[in-house]
Amino acid sequence: MSGDGDRNIIRVLLVDDEEDYRSVLHKRLSGRSISVVEAATGQAALDQLSVAPVDVVVMDVKMPGMDGVQTLKCIKDRYPELEVILLTGHANPQDGVEGIKMGAFDYLSKPIEIEQLVRKIRQADEKIVRARVEKEEAAFRERIKQQMVIAERLAALGTMATGVAHEINNPLAIIQESAGWLQQILGKPELRDIPRKADFEKALNRIGKAVHRARNITRQLLQAVHTQSTDLTEPVEMVAVDLQSLARESISLVEQEAQQKQIAIRLDIVEPLPVVWSEPYPLLQVLINLMTNAIHATGAGGTITLRLEGTDDRARITVLDTGCGISEEHLPRIFEPFFTTKGVGQGTGMGLYVSWGIIQKLGGTISVNSQVNQGSTFTITLPVKE
Amino acid sequence: MFKTPSYIMLVDDEEDFVEMLSLRLKEIDENVIPVYSGEACLEKLKEQDVDVVILDVKMPGMDGIETLQEIKKQFPLLEVIMLTGHGTIEAAVQGMKLGAFDFLFKPADFDDLTAKLNQARQRKQDQMERIKKAEAAMLLRSAKI
């Protein structure tokens with residue numbers, strides 16, 4: 001009918017103050033892929049809905065206490081996705097019209113023909129299913145759109161940053177050679193006894209260190225863009241990759257650091273594991289990046305879980321930690337180049353940016369979920385070998 | 001054994017860089033010929049004997065790769081070390097395939113640079129040595145005839 005396999009039984013709440021009438025309808029509706037619960041008053045209907053959800057409400061308009069139209073209003077306020085079919089007295093079709101204005105799906109005049117009611121219930125249910133599918137599609141589209149916005153933003157930032165890196169490299173080389181030349185001169189025998197020689201050497205040494213630091217940043221940046229360039233002249237060398245041995249290798253490389261901080265690393269493999277079609281070395285680099293980040297974010301006694309599993313047509317790698325988490329304001333920016341919360345000289349803010357670039361190039365996706373003080377989860381999906 | 005003076009040519013459009021690196025190399029008693037473009041490099045090579053060329057990949061006009069190709073065509077024994085940024089590593093690889101001796105990322109470590117310089121010079125000298133021996137053997141043979 002609706003093509004929704006797990007919901008071919010429509011759950012109906014039947015609301016009427018006449019008990020006999022209810023039980024007759026109940027009996028006649030049952031056995032037509034419809035399950036029925038009953039309520040005698042509007043209030044009872046609301047109570048019932050708060051306990052067990054239904055799909056469609058069939059309700060008499062004329063009831064003592066809270067009448068059908070009032071109850072309809074409450075239902076629509078609290079459960080906007082529910083559909084309500086009103087039953088009106090033969091002489092009062094205006095009640096039904098009023099109800100439709102307030103959001104009822106439709107109305108039927110008593111006496112009711114049961115086939116007609118069943119048809120109405122099915123139509124109402126189809127409308128619910130349709131709305132749900134549309135909502136899911138909209139949410140999916142929104143997610144894709146957000147990912148694309150992030151991807152475009154990162155690409156633009158990358159282009160700018162590498163432009164800057166290229167331009168910085170030349171002056172950097174000049175600074176390096178100038179300072180290096182002075183150092184060479186200071187080392188000459190004729191300058192052995194000049195006053196304040198140690199000060200000169202100290203300053204030149206600092207210049208050298210600073211150049212070295214700047215050079216590391218420009219290198220990482222240019223490398224990041226190099227890894228994600230989709231230049232056709234240099235095809236990606238995709239091979240079949242055994243995720244399990246790759247994961248074990250990454251763990252062995254970060255294990256020592258984790259042990260020092262008393263963090264346990266778990267490898268969680270959900271069989272059967274698909275064979276990934278990828279580039280092993282860059283992928284290893286991403287895993288090490290994520291694991292190292294997780295170690296830095298996690299305190300003593302924490303756990304890092306590396307999970308490998310197959311989904312429908314992809315392989316999924318999850319790196320899960322019990323660390324400090326990422327704040328809501330930082331979360332949208334963590335893949336940006338130069339974004340770091342570490343201190344000066346501690347982190348370049350390139351790790352996740354590089355990882356993002358690599359995964360993009362490998363035809364995969366990378367995303368993050370995090371709760372402050374609960375931990376972070378990084379999820380990678382990758383294409384598998386047919 | 002008699003040591004012939006050795007010459008290095010430094011090619012980069014960034015004049016301050018060329019000047020500073022030349023001063024450093026001169027400080028360790030190298031003979032450096034600074035030029036600022038691929039065209040000037042080829043022009044100068046016609047009149048000056050050089051052992052090793054240090055060549056920047058990215059230059060306006062004739063770029064490093066084009067210059068390298070022309071050098072290897074006209075002076076096949078000349079050794080060339082390419083200077084490259086990380087973004088132009090493909091060019092460095094291409095350069096090696098076209099006969100460059102090696103490449104260095106810019107800014108390069110001075111010790112790395114001098115080490116490669118010496119290796120390149122050694123290779124050229126070895127090559128020249130072999131050529132001389134071969135020529136001598138050729139002369140001897142023709143003398144016998």
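The structure presented is a predicted model; accordingly, all values stated were derived computationally and were not measured. Every chain is numbered from 1 and lettered A, B, ... according to where its sequence line falls, protein lines coming before strand lines.
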Taking a cut-off of under 4.5 angstrom between non-hydrogen atoms, the residues of residues 60-76 of chain B near chain A are none
Among residues 34-43 of chain B, residues within the sub-4.5 Å heavy-atom range of chain A, in order of number, are none
Requested in this report: To the nearest 0.5 angstrom, please state how far the CD atom of A/E177 sits from the CG atom of B/L25.
Outcome: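 Answer for the CD-CG pair, A/E177 versus B/L25, is 8.0 Å.
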Above 12 or not: heavy atoms from other molecules or residues under 6.0 Å from [atom1] of [X]?
X: A/Q256; atom1: CD; value: no
X: A/R192; atom1: CZ; value: no
X: B/D49; atom1: CG; value: no
X: A/K197; atom1: NZ; value: yes
X: B/K124; atom1: NZ; value: yes
X: A/Y281; atom1: OH; value: no

Please find the pair of heavy atoms, one from B/M20 and one from A/S178, that lie closest to each other, and give the distance.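 The answer is CG-OG, 3.2 Å.
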Exercise. Looking only at non-hydrogen atoms, find the nearest pair between B/P107 and A/A173 and report the distance.
Key: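 Closest approach of B/P107 to A/A173, heavy atoms only: CB-CA, 3.8 Å.
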Exactly one candidate in B/E27, B/E19, B/K26 meets side chain to side chain contact (heavy atoms under 4.5 Å, CB included) with A/W181; the answer is B/E27
Looking only at A/I185, A/I175, A/I174, the option with the highest number of non-hydrogen pairs under 4.5 Å against chain B is A/I174
Exercise for review: Give, as side chain, backbone, both or neither, the part of B/E14 having an atom under 4.5 angstrom from any heavy atom of chain A.
Suggested key: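 For B/E14, side-chain heavy atoms alone lie under 4.5 Å from chain A.
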Test log, rule side chain to side chain contact (heavy atoms under 4.5 Å, CB included), inputs A/N170 and B/K106
CA-CA 8 Å; A/N170 274 329; B/K106 202 175 166 186; 2.7 Å; yes
